Each structure stands twice: as structure tokens, then as C-alpha cells.
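Nothing here was measured: the structure is a model prediction, and the numbers come from that model.
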Amino acid sequence: MKILVAPDSFKGSLSSKEVLKAISEGIRRAVNAEIVGVPIADGGEGTVDALIASLGGRIVDVDVVGPLGNVVKSFFGILNDGTAVIEMAASSGLNLVPNDMRNPLITTTYGVGQLIKEALDKGCRKFIIGVGGSATNDGGAGMIQALGVKLLDEDGKDIPYGGGNLHKLKKVDISSIDRRVYESSFIVASDVTNPLCGENGASYVYGPQKGATPEMVEILDDNLRHYASVVKETLGKDFSDVPGAGAAGGLGFSLMAFLNAKIRSGIDIVMEASNIDEKVKSCDIVITGEGNTDFQTAYGKAPAGIARIAKKYGKPVVVLSGGLGKNYKDLYDVGVTSMFSIVDRPMTLQEAMINAKKLISDRAEDIIRIFISGRNSK
């Protein structure tokens with residue numbers, strides 16, 4: 001028996017590599033099988049690890065300005081071909097902000113720009129930037145400030161960090177931008193198709209999960225609209241309605257506007273790098289997973305991407321998830337065979353996260369025992 005194990009991370013609990021290990025341990029308790037392991041990511045947490053696992057490379061550690069303006073330890077990857085892989089969440093992610101301090105009026109993407117600059121210093125001229133898991137709603141303003149762009153108020157002074165200050169912007173000065181960005185190519189790895197502004201934009205859709213109250217959401221949306229209008233005056237082009245402009249609180253907008261970035265599906269990038277198509281084709285069963293599965297998973301997240309390939313080859317796909325949320329059964333339409341929560345009794349989220357390794361391993365064993373029983377009864 002050949003089993004492909006291709007999970008995403010369980011965010012806040014286990015990396016994709018750790019989930020892969022836990023699933024594999026459970027499988028081995030049930031059967032002596034050939035296990036092909038592929039860590040997967042969709043542009044969020046784990047993207048660097050997933051691409052390095054498939055293509056080879058190294059991790060570079062660096063201190064940057066975090067989402068709250070304090071210094072945080074961060075990192076990026078450099079693949080063997082010289083491509084820099086950056087997870088914006090590693091510098092500006094929600095995981096770096098305590099629950100009681102979440103406030104997208106003040107959080108910044110400045111650290112993302114610092115990571116880009118560090119990679120440029122290392123000689124990188126090709127970039128893949130994963131934009132999942134952001135704590136920010138500043139339209140990418142902080143990022144471009146770190147790269148030398150001046151965002152000036154009516155007195156000619158730099159506007160402060162955060163989406164709550166974008167209304168102060170009067171002028172964009174790109175004369176001091178790091179010219180090396182024009183020698184480089186940028187791909188945004190994202191599963192988000194939202195525009196920058198409006199009811200389907202960054203602030204209304206994603207602001208609340210970053211700590212925005214209804215009043216903050218209105219302010220942030222108005223400020224992003226103002227930001228886009230001033231940028232348009234400077235650059236002569238408007239990316240605010242392009243699908244993906246609203247990714248990571250509008251970081252997608254500035255990446256496209258200032259760095260000429262192209263947006264691609266994060267899961268597609270990772271799957272292509274790992275040659276997942278051939279691996280699915282040659283296996284007997286696929287086990288994937290993620291921290292929480294709901295209707296959003298069907299729109300470009302890792303389990304859905306895996307399932308679409310498996311459906312093409314008629315392979316069964318099992319999703320192991322920390323929790324099964326609203327309309328999770330939508331995934332049956334894209335090729336998932338069955339879905340299971342790892343939770344085996346009533347417990348708090350904290351308990352589930354602490355015990356995730358054992359819960360995942362036990363559930364993987366249960367699933368494989370069912371699969372073996374079905375094969376043996378034929």
C-alpha cells in the first residue's frame with residue numbers, strides 16, 4: 001500500500017511537517033505501508049518550509065519591525081535557484097499580536113519590506129511572497145516605506161504606521177525607492193480574490209478577525225480608498241479593484257502597484273513545486289488536513305487543491321481537521337471522500353491544540369484501519 005500524506009499546518013499548534021509526522025506515526029501503527037510525505041501550504045504559514053522541502057534551500061533569520069512596531073525575530077527562505085520565499089506572517093502576522101492587543105488601526109507591514117530588502121542584499125531577484133495570516137490593514141503602506149517610498153502628510157512629514165493613519169496621506173514620493181525592486185520579479189502566493197475596498201474588500205471581510213470593531217472597519221475602508229486614490233495620482237494606475245488587492249489587509253494592492261507583482265494561487269505554486277500530481281497518481285489513498293475546515297477551504301486552500309487532483313485520478317482523499325465548521329461538506333463537491341475532526345471528546349480549543357500530535361496520530365490510525373478493512377473485504 002502507498003499512502004500520500006500531504007497536510008497543511010494546524011495554525012498556532014503544529015507546522016505542516018509536524019502534522020505530517022503525526023499522521024505517519026498513526027499510519028505505521030496500523031499498517032506497514034510506503035508513506036510519501038509532502039508538507040503543503042497555500043501561501044500562509046508553512047509556505048517557506050513546503051517549498052524548501054520540495055526544491056531545496058535554506059532559512060535566513062533576521063530581526064525586523066513587527067506588526068506592533070516592536071522588533072521581532074523573523075525569517076525568509078532562499079531556494080537553491082536563488083528565489084526568495086517570504087511569509088508575510090513571519091513579520092506582520094496575527095500570531096505575533098496578543099489577543100488583547102489586536103488593532104488593525106495601528107499594525108504595520110513594515111517588516112515585510114525589511115524582509116524583501118534583506119533578500120535583495122543577499123542577491124535575490126525572484127520573490128514568492130505568501131500573504132496569509134496577516135494582522136494588518138495598512139494597504140501595504142508599511143512595506144513600501146521600508147523599501148524607501150515616502151508617504152507624506154500635508155506638512156511633508158512621514159505618516160505614522162497603521163491603516164488608521166492613511167487618511168493623513170497627501171503625497172507619495174517614489175524617488176528614493178530601492179531601485180533593485182525594478183530588477184526583480186514578484187509573485188504573490190494567495191488564495192484571496194477580494195478587492196481592496198468595499199463590502200467584499202480587505203477591511204469588511206478580514207478586519208474583524210484582526211480586532212476591528214464595526215466602527216474601525218468603516219474607518220479602515222475609507223482610509224484604504226483614500227490611499228488608493230493618492231497612489232493612483234502618483235503612479236497613474238489603479239489596482240484597487242484587481243482580484244487579490246485586498247489580500248493581507250491590502251498588501252496585495254501595494255505589491256502590484258509598486259513592485260509589479262503577479263498574483264497566483266498559493267496552493268498551485270506549492271503543488272507544482274512538489275510535483276504533487278505524479279505523487280497522487282501513484283498512491284492508493286491521500287490524507288491531508290488543516291487546522292479548521294469550513295466552506296472557505298473550497299476556495300483555494302490546501303485540502304481543496306489536493307482533492308481536485310485526486311478526483312482527476314479517482315483516488316480517495318481523507319481530510320483530518322482540528323474542527324469542521326460551517327458548510328464543510330462543500331468539499332465533497334471538489335473531490336474529498338471523507339472528513340474527520342481530530343477531537344475525540346468534549347474539550348477546549350487549548351486542550352485540542354496542546355494534544356494535537358496525539359489526536360492527529362490516533363485519528364490517522366483509525367482511518368487507515370477502516371481503509372484496510374474495506375480493501376480486505378473485497
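Linking ILVMFWY residues whenever their side-chain heavy atoms come closer than 4.5 Å, directly or via other members, leaves Ile306 and Val19 in distinct clusters. Connection of Leu359 to Val5 is established within a shared hydrophobic cluster, with ILVMFWY side chains joined at heavy-atom distances below 4.5 Å, either directly or through further cluster members. Hydrophobic cluster membership differs between Ile23 and Val319, with clusters built from Ile, Leu, Val, Met, Phe, Trp and Tyr side chains linked at under 4.5 angstrom. In terms of hydrophobic clustering, with Ile, Leu, Val, Met, Phe, Trp and Tyr side chains grouped at heavy-atom distances under 4.5 Å, Leu94 and Ile86 are assigned to different clusters. Under the 4.5 Å side-chain heavy-atom criterion for ILVMFWY residues, a single connected hydrophobic cluster contains both Val48 and Ile269.
For the atom pair Asp362 CG and Ile367 CD1, the distance stands at 11.0 Å (nearest 0.5 Å). Interatomic distance, NZ of Lys170 versus CD of Glu233, reported as 10.0 Å (0.5 Å rounding). Going from atom CG of Leu220 over to atom CG of Leu105 covers 5.0 Å, rounded to the nearest 0.5 Å. Considering CD of Glu34 and CG of Leu4, their distance stands at 10.5 Å, rounded to 0.5 Å. Note that NE2 of His226 is 11.0 Å distant from CG of Leu224, once rounded to the nearest 0.5 Å. Leu331 contributes atom CG, which lies 10.0 Å from atom OG1 of Thr288 (distance to the nearest 0.5 angstrom).
The six-membered or imidazole ring of Phe186 lies near that of Phe127, with a centre-to-centre distance under 6.0 Å.
By the neighbour-count criterion of 12 heavy atoms within 6.0 Å, atom CD of Gln350 is sparsely surrounded, having that number or fewer from other residues, nucleotides or ligands. Residue Lys279 qualifies as enclosed at atom NZ: its count of foreign heavy atoms under 6.0 Å is above 12. Heavy-atom neighbours of Asn80 CG from other residues, nucleotides or ligands within 6.0 Å: above the threshold of 12. A 6.0 Å sphere centred on NZ of Lys326 holds no more than 12 heavy atoms belonging to other residues, nucleotides or ligands. For Met101, the CE atom counts as loosely surrounded, since its 6.0 Å shell holds 12 or fewer non-hydrogen atoms of other residues, nucleotides or ligands. Within a 6.0 Å radius of NZ in Lys21, other residues, nucleotides and ligands contribute 12 heavy atoms or fewer. Applying the 6.0 Å contact sphere to CD of Glu199 captures no more than 12 heavy atoms from other residues, nucleotides or ligands.
Pro39 and Ala50 make their closest contact through O-CB, 3.5 Å (heavy atoms, listed as atom of the first residue, atom of the second, distance). Contact between Ala30 and Ile372 at its shortest, heavy atoms only, is O-CD1, 3.7 Å. The shortest heavy-atom contact between Leu320 and Phe10 is O-CZ, 3.6 Å. Smallest separation of non-hydrogen atoms from Gly163 and Asn223: O-ND2, 2.9 Å. Ser54 and Ser274 get closest at one heavy-atom pair: OG-CB, 3.1 Å. Looking at every heavy atom in both residues, Ser254 comes nearest to Ile144 through CB-CG2, 4.1 Å.
Looking at Asp61 and Lys73, no side-chain N of the basic residue comes within less than 4.0 Å of a carboxylate O on the acidic one, giving no salt bridge. Ion pairing of Asp121 with Arg180 is present here, as a side-chain N (NZ or NE/NH1/NH2) and a carboxylate O approach within less than 4.0 Å. Of the charged side-chain nitrogens involved, at least one lies within less than 4.0 Å of a carboxylate oxygen, so that Lys312 and Asp277 count as a salt-bridged pair. Using a cut-off of 4.0 Å between Lys/Arg side-chain N and Asp/Glu carboxylate O, Arg363 and Asp366 are scored as salt-bridged. Salt bridge annotation for Lys301-Asp8: absent, with no cationic side-chain nitrogen under 4.0 angstrom from a carboxylate oxygen. Using a 4.0 Å cut-off between charged side-chain N and carboxylate O, Arg264 and Glu272 make a salt bridge. Classification of Glu365 and Arg29 as a salt-bridged pair holds, one side-chain N sitting under 4.0 Å from a carboxylate O.
Of the N and O atoms on the side chains of Asn355 and Lys358, not one donor lies less than 3.5 Å from an acceptor on the other residue. No hydrogens or angles considered: nothing links the side chains of Lys210 and Thr136 as a donor-acceptor pair under 3.5 Å. Side chains of Ser91 and Gln114: a donor-acceptor N/O pair is absent below 3.5 angstrom, by distance only.
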Practice item. Begin with the C-alpha distance, continue with both residues' side-chain angles, and end with the deciding distance and a verdict on side chain to side chain donor-acceptor pair (under 3.5 Å) for Tyr206 and Asn194. Key: CA-CA 10 Å; Tyr206 302 106; Asn194 305 78; 2.8 Å; yes
Practice item. Might you work through the side chain to side chain contact (heavy atoms under 4.5 Å, CB included) test for Val286 and Val318, ending with a clear yes or no? Key: CA-CA 6 Å; Val286 180; Val318 178; over 6 Å; no
**Study point:** Derivation and outcome, side chain to side chain contact (heavy atoms under 4.5 Å, CB included), residues Leu147 and Leu259
**Key:** CA-CA 10 Å; Leu147 290 172; Leu259 306 185; 4.2 Å; yes
Point to revise | salt bridge (charged side-chain N to carboxylate O under 4.0 Å, His left out) evaluation trace for Glu45 with Lys11 | key: CA-CA 7 Å; Glu45 178 185 343; Lys11 291 179 177 58; 5.6 Å; no
Exercise for review: Test side chain to side chain contact (heavy atoms under 4.5 Å, CB included) on Val62 and Phe75 and set out the steps.
Suggested key: CA-CA 5 Å; Val62 58; Phe75 67 91; 5.8 Å; no
Exercise for review: Go through the steps to decide whether Gln145 and Ile159 satisfy the test side chain to side chain contact (heavy atoms under 4.5 Å, CB included), and finish with yes or no.
Suggested key: CA-CA 10 Å; Gln145 287 176 307; Ile159 65 171; 4.0 Å; yes
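The shortest side-chain heavy-atom distance between Met347 and Leu349 does not fall under the 4.5 Å cut-off. Contact annotation: the side chain of Cys283 never approaches that of Val36 to less than 4.5 Å [non-hydrogen atoms, C-beta and beyond]. Residues Asp294 and Asn327 are not in side-chain contact: their nearest non-hydrogen atoms beyond the backbone lie 4.5 Å or more apart.
Panel note: side chain Thr107, backbone Leu68; no donor-acceptor pair is recorded below 3.5 Å. Put simply, the side chain of Thr348 gets close to the backbone of Glu351: a donor and an acceptor are under 3.5 Å apart. Under the 3.5 Å distance criterion, the side-chain polar atoms of Thr293 are left unmatched by any main-chain donor or acceptor of Gly289.
Remark: of the listed residues Phe239, Phe258, Tyr227, Tyr227 is the sole one forming a ring-ring contact (aromatic ring centres under 6.0 Å, His included) with Phe253.
Taking the six-membered ring where tryptophan is involved, the planes of Tyr161 and Tyr110 are tilted, since the angle between them lies from 30° to 60°.
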